[in-house]
Amino acid sequence: MEKYESNNFIEEIVVNDLESGKHTDIYTRFPPEPNGYLHIGHSKSLSINFGIKEKFNGKCNLRFDDTNPTKEDVEYVDSIKEDIRWLGYEWDEELYASDYFGKMYEYAVKLIKDGKAYVCDYSAEQIRDTRGTLKEPGQESPYRNRTIEENLALFEGMKNGEFADGSKVLRAKIDMASPNMNMRDPVIYRVLRAHHHRTGDQWCIYPMYDFAHPISDAIEGITHSICTLEFEDHRPLYDWVTEACGFEKRPRQIEFARLNIKNTIMSKRYLKKLVDTGFVSGWNDPRMPTLCGMRERGYPAEAVKEFCSRVGVAKANSEVDPALLEFCVRENLNASADRAMVVENPLLMIIDNIPEGETIEFSVVDNPNSESSGTHNVILEREVYIEKTDFTLNPPPKYNRLVEGGLLRLRGAYIVRHVATEKDANGEPIAIHCEYIEDSAQGGVNAKIKVKGTVQWVGKNHAVECKLYKYDSLLKDVVDDVTDFNLRLNEDSLQVVDGAKAEPFVNAGEFGKAYQFMRSAYYKKAKVEDGKMVFYRIVSLKDSFNK
RNA sequence: AGGGGUGUCGCCAAGCGGUAAGGCAUCAGACUUUGACUCUGACAUCCGUAGGUUCAAAUCCUGCCACCCCUGCCA
C-alpha cells in the first residue's frame, strides 16, 4: 500500500483510516450554503477538502446546503461554482441537499416509527422558554409522548400544508436534560412556505441543518465530513442522526479552526451589507476579501492556494497576518509578471547630448526572472521623466540614486551623469540636465561602469497617461460602525508608463494581465476609464528604502 | 448541573517521554541594469501557570488561569 505523509491532524486521521483498513477510498465534500459569495476564508475549507481528494486519490463533492430557501439564491450557486473553478478544483459530483428532500422525509418518518421523533405544537417562543439554560435542564414538551400513529398523521399533515408556518415542528426525541443544548430535542423539520430556488413550491416543510447534513453525507458515502469548530457541539447530534437513520457506513465529522485574517472582514453579514448599501461596487469589488474580489484585484489563484497551504490546519483559533497572503501573491507574481516602467511623480530630465527629435530604441526583457520571457522596446529621447525621489540635492546616508554631479543608470538604457539643476523660487528642483555616457548600454564598453543606482524612466513624448487605483483592502475597524465606512480608496492619476508597454493595453485581450511596475508594486490592467487605462494595484513590493 | 474546545517566538505552526522543525514578519550583511528577487547570518535554555511522576516532561498526572463556541423553527 502506498505510504502517505500527513501534513496536519486531519490528514493524519485519513492516513490512519487508510492504514487500518477502515476505508479504502476517501470521500470528502465542500458544502456551502448558497447565500453569499465565497471569500478567502472558504478557500481554507476548499483547500482541505479538495487537498485530501487530490492527495489520497479520493473524491470530493460540491454539495449545496440549500435547506433554508429564505436566504438562498441561484445567483450564489453560480458564483460559488465559478470561484471554485477559478481556484482550479474539480468536484466529482454537483449535488444539493434539496436533492434528498424526499429521502429525508422518509428518514424522518422512520424516526417517528422508531419512536425517536415527535411533532411538537409549541411555538418558537415556547420551545425557547422550555429549552432550559446553559446550567439548567430543559422541560419536556407535553407533545413529547404522542403516539406514533398520531405523529405520523401530523407529520404528513405538515407536509401536506395543513398547518400554518411555525405552528408545528418535528423534533428529535433525545434528552431535554442533556448538558449539550443541541441534544435537547432539537427541531429537525419546520413548516415554511417559501419558494425554493430548486424545488420551487413542492415543499412547505424543510429539514434543519442538523438533520439534513449528516443524512446528505451518509447518502453520498462521505468518509470524512470536515467542518469548522463551532460544529463540535453538534457532533453528538450528527452521530445520533446517522445512527438513528440506520446507515451502515457512517461518516466521521472532523472540525478545524476557520481562517481569520487580521484586519480583514470575513463576516458574510458585513460583506453583504457592504454590497447592499453600495459602499462597494459589488461582491467582486477589488477591495473585497471574496474570491471574485481577489480575482478582480489580480491575485493569482495559485497564490491563494499557496497561502492556505502555508497557513496550515489546526484547532486553535487564530488570526493570520495578511503579510503572509501578500508574500504568496508576490512570490507568484515575481515569477510570472512582466515588468513595465512607471513614473508616478515625475521630474523632468533633459539629456543634453541627445538632439531634439532624436530617439534611441532599446530592447529590454519583459521579465528578467523568467527564462521564457519575451522582450519589448523602450524609447529614449532628449526629455524623459524620472521619479522625483530618484534625485535629491541633499542625499541621506546610503542614498544610492542620483545626486548632483553623480551617475545613474536609466534602466534598460544608458548611464547618465548629472550636470545641472533647474530650481524654482524655493530652491526645489524642477528639471535636471544630464549627459548620457557613450557605449554604456548593455554590452557596451562602458556598461560596466559602477553606478549607485538604476531607476525607471519614461520618454516624455512616448509615455502614456493612465490611472492607478491603489486599493487597500477593507479594514475590519472600518465596519465597526457600518454607517460610517471609510473605504480607503486612493485614486492617483499619474503620468505613466513607458509607451511600448502601454500601447497594447488598449487591446481588450490584454486586460487582466499583471505587471510589476519597476520599484513600486504589482499592477493589473483593469479597464479603460475616460479614455485612460486603469490599473489596480495588486500588492506592493517590499521596499526597504522607504521604511 | 453546565457542556464542548484551545493555549509552543510579533503572526501561523510542527512536536505524540529523550532534551524546541518550518514559514511569514523583523534585524544584519552579500549580490544586483528593479533599494525587488536571490543568497548568508541572527531571532523561544523555553512550550498559559503551579505542583507531581520519571534518570529524563512542551509531551504523562493534578489543581489553577486565560480565550473561543453552545440557550435559531440559520448554516
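What you see is a predicted model; the values in this text were computed from it and never measured. Chain letters run A, B, ... following the sequence lines, proteins first and then strands; every chain starts at 1.
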How is [X] classified with respect to the nucleic acid when contacts are heavy atoms under 4.0 Å: base, sugar-phosphate, or nothing?
X: A:H213; answer: nothing
X: A:V169; answer: base
X: A:A335; answer: nothing
X: A:N68; answer: sugar-phosphate
X: A:Y206; answer: nothing
X: A:F327; answer: sugar-phosphate
X: A:P32; answer: nothing
X: A:I127; answer: base

Q.
I want to verify the glycosidic state of B:rG17; is it syn or anti under the 90° rule?
A.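 The base of B:rG17 is oriented anti (glycosidic angle more than 90° from 0).
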Counting side-chain heavy atoms from C-beta on, which of [options] comes nearest to [X]?
X: A:R131; options: B:rU34, B:rG72, B:rG29; answer: B:rG72
X: A:S123; options: B:rC16, B:rC73, B:rA25; answer: B:rC73
X: A:T67; options: B:rA75, B:rU26, B:rC12; answer: B:rA75

Q | Strand contacts (RNA chain B) in residues 304-313 of chain A, 4.0 angstrom heavy-atom criterion | A |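 RNA chain B contact set from residues 304-313 of chain A: A:R310, A:V311, A:V313.
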With sequence neighbours excluded, residues passing side chain to side chain contact (heavy atoms under 4.5 Å, CB included) with [X]:
X: A:Y399; result: A:T392, A:P395, A:P396, A:R401, A:V403, A:F545
X: A:N8; result: A:I10, A:E11, A:V313
X: A:S318; result: none
X: A:D276; result: A:K272

Q) Could a donor-acceptor pair under 3.5 angstrom be found where the side chain of A:R339 meets the base of B:rU34? A) yes
Q | Qualifying side-chain hydrogen bond (donor to acceptor under 3.5 Å, both in side chains) pairs, either residue in residues 303-314 of chain A, two or more places apart | A |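 Listed once each, the pairs are A:E306-A:R310, A:R310-A:E331.
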Paired with [N]: which nucleotide, if any, by Watson-Crick or G-U wobble criteria at under 3.5 Å for both distances?
N: B:rC39; answer: B:rG29
N: B:rC46; answer: none
N: B:rA58; answer: none

Q | Check: A:I261 and A:E319 side chains under 4.5 Å, non-hydrogen atoms | A | no
Q: Evaluate the side-chain contact (heavy atoms from CB on, under 4.5 Å) criterion for residues A:Y522 and A:L541: first the C-alpha distance (whole Å), next the side-chain angles of each, then the deciding distance (0.1 Å), finally the verdict.
A: CA-CA 7 Å; A:Y522 292 97; A:L541 262 53; 3.4 Å; yes
Q) What distance, rounded to whole Å, do you find between the two P atoms, one in B:rU49 and one in B:rA42? A)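 The answer is 27 Å between these two P atoms.
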